[in-house]
Number of protein chains: 2
Amino acid sequence: MKENGAKERILNAAGELFYEQGYLATGINQIIEEAGIAKASLYQHFPSKDALLTAYLHRTRLHNHELRTQFLNKLAPGKDKLMGLYEYRLQHMQSNHFKGCAFIRIAYELPGLSDEAMAQIRTHSQTIRTFITEQLLVIRKNFPENELEEMADMLLNLYEGAGLQGYILKSPKPMEDTKKVVARLLDTL
Amino acid sequence: MKENGAKERILNAAGELFYEQGYLATGINQIIEEAGIAKASLYQHFPSKDALLTAYLHRTRLHNHELRTQFLNKLAPGKDKLMGLYEYRLQHMQSNHFKGCAFIRIAYELPGLSDEAMAQIRTHSQTIRTFITEQLLVIRKNFPENELEEMADMLLNLYEGAGLQGYILKSPKPMEDTKKVVARLLDTL
DNA sequence: GTCTATATATTGATAGAC
DNA sequence: GTCTATCAATATATAGAC
């Protein structure tokens, strides 16, 4: 991430503020102040605040994916790697003070989200689900198709449910408990 | 719900708009127009928009609880009633066009929620969890304490996770699939 | 491409008449 | 208690000089 360049500074400032405060609560004025540029410069690079949101979601998706993949690549495929997903989320929740998933935050804040923005959110969710499915196939190579899908959905629901409970309670406990349950569940396969 | 009375009309209008559009996207002007009252009349009954939000959450919690309880009271305690929780959420998701849980929406939209507002959201979540625990105890009266808690957490996570996936995909499928999985899970107890 | 200055609309909230 | 009229602040966005 090169620190110079107006566009980069805008994206960095907007990204932090959108995640910290939410999209609607963040004003253009606050973004340009944080980025240290003039208002007209922002509109030179982005035609509207909405376009800035779409860019934020795209950028965050790629960034989060890279960080997560870096963490998971250190683990052996199969159970270790799959458990790593929950461990990574747990660490992420604690390091960002339980501010929740950036995509879910935006999806719930803005009911009338553009198709383009919604696509970023769905792609993120799909990425997690695909990862789960892949690791399940490593654990049990001859998984019957319907059982595989069912188990993947269940693990995804537990993942998201625990994330939500942790957010509401501002506590790591739901994710910690879920990790244990999932670990035992995987041993029965 | 008496239709006359300024306060009632304000709460009805604000409730619908907050849920439909979100809190920040809803302006005071829109609320008073919908309610058919003057701006100063709103501030006669509520000192600030924030106070109106707290009242909205409290009122919605009681209202939702009553509707849900009415539905569940028709079912036999135990597995039937517990499955009714998922069925009710499924019907709710479809009838409101997948606009999501009012409490989770607010919790994600406003990271710096007041303690009073946050308490309403936590109480709602706790109410669902207590209901699940009670029905589990009907299904298996001698449930060991730690296993009971673990199963309740798991069922709550599946409930919330499926709700979230359904919201993202605007589809009943995640909740339908989860219903089936939970039904089979309860048979193993 | 970046700036200053400005435009227009809307925000949450109040004063004061009735 | 309900109203009209108005407040200061802020919202997103643009015009035009450099």
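The basis for the numbers below is simple: all heavy atoms, side chains too, and nothing from hydrogens, waters or symmetry mates. Order of the sequence lines sets the chain letters (A, B, ...), proteins ahead of strands, with each chain counted from 1. This one's a predicted model, so the numbers in the text were calculated from it and none came from an experiment.
Toward the 5' end of DNA chain D, the nearer of the two residues A/Asp50 and B/His45, judged by each one's closest nucleotide, is B/His45.
Using a 3.5 Å distance cut-off with no hydrogens or angles, the side chains of A/Ser114 and A/Asp50 do not pair a donor with an acceptor. Side-chain atoms of A/Gln126 and A/Thr130 include a donor-acceptor pair closer than 3.5 Å.
Side-chain contact between A/Met154 and B/Met154 is present, with at least one heavy-atom pair separated by less than 4.5 Å.
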Name the atoms and distances for all side-chain donor-acceptor pairs under 3.5 Å in residues 87-95 of chain A, with sequence neighbours left out.
residue, atom, partner, partner atom, Å
A/Glu87, OE1, A/Lys179, NZ, 2.5
A/Glu87, OE2, A/Gln91, NE2, 2.7
A/His92, ND1, A/Asn96, ND2, 3.4
A/Ser95, OG, A/Gln91, O, 3.2
A/Ser95, OG, A/His92, O, 3.2

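Phosphate contact (OP1/OP2 of D/dT14, side-chain N/O of A/Tyr43, threshold under 4.0 Å): absent.
Per the geometry, CG belonging to A/Leu52 stands 14 Å off C1' belonging to D/dA13, to the nearest Å. The nearest whole Å value for the distance from the CG atom in B/Leu17 to the P atom in C/dT11 is 12 Å. A straight line from NZ of A/Lys49 to C1' of D/dA11 spans 8 Å, rounded to a whole angstrom. Computed from coordinates, the A/Leu42 CG to C/dT4 P distance equals 14 Å when rounded to whole Å. Residue B/Phe46 contributes atom CZ, which lies 14 Å from atom C1' of D/dG1 at whole-angstrom precision.
A salt bridge is absent between A/Glu20 and A/Arg105; no separation between the charged side-chain nitrogens and carboxylate oxygens falls under 4.0 Å.
Near DNA chain D, defined here as any heavy-atom distance below 4.0 Å, there are no residues from residues 105-113 of chain A. Contacts between residues 22-32 of chain B and DNA chain C, defined by a heavy-atom separation below 4.0 Å, involve B/Thr26, B/Gly27, B/Ile28, B/Asn29, listed by number.
Under the 30°/60° scheme for interplanar angles, the aromatic rings of A/Phe18 and A/Tyr56 are found to stand perpendicular.
The minimum heavy-atom distance between B/Thr178 and B/Tyr86, with the atom names listed, is CG2-CE2, 4.2 Å. For the pair B/Leu53 and B/Leu113, the tightest heavy-atom approach, listed with the atom from each and the gap, is CD2-CD1, 4.0 Å.
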Between the protein and nucleotides 3-5 of chain D, which nitrogen or oxygen pairs are less than 3.5 angstrom apart?
residue, atom, partner, partner atom, Å
D/dC3, OP2, B/Ala38, N, 2.7
D/dC3, OP2, B/Ser41, OG, 2.9

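Under a cutoff of 6.0 Å and an axis angle of 45°, A/Lys49 and A/Tyr23 form a cation-pi pair. By the 6.0 Å and 45° rule, B/Lys141 does not stack over the aromatic ring of B/Phe143.
Judged by distance alone, the side chain of B/Tyr167 and the main-chain N or O of A/Ala107 form a donor-acceptor pair under 3.5 Å. Between the side chain of B/Thr60 and the backbone N or O of B/Leu57 there is no donor-acceptor pair closer than 3.5 Å.
Applying the salt bridge (charged side-chain N to carboxylate O under 4.0 Å, His left out) test to A/Lys180 and every residue at least two apart in sequence or in another chain returns nothing.
The end-to-end axis angle of the helix from C/dG1-D/dC18 to C/dC18-D/dG1, rounded to 10 degrees and based on five pairs per end, is 10°.
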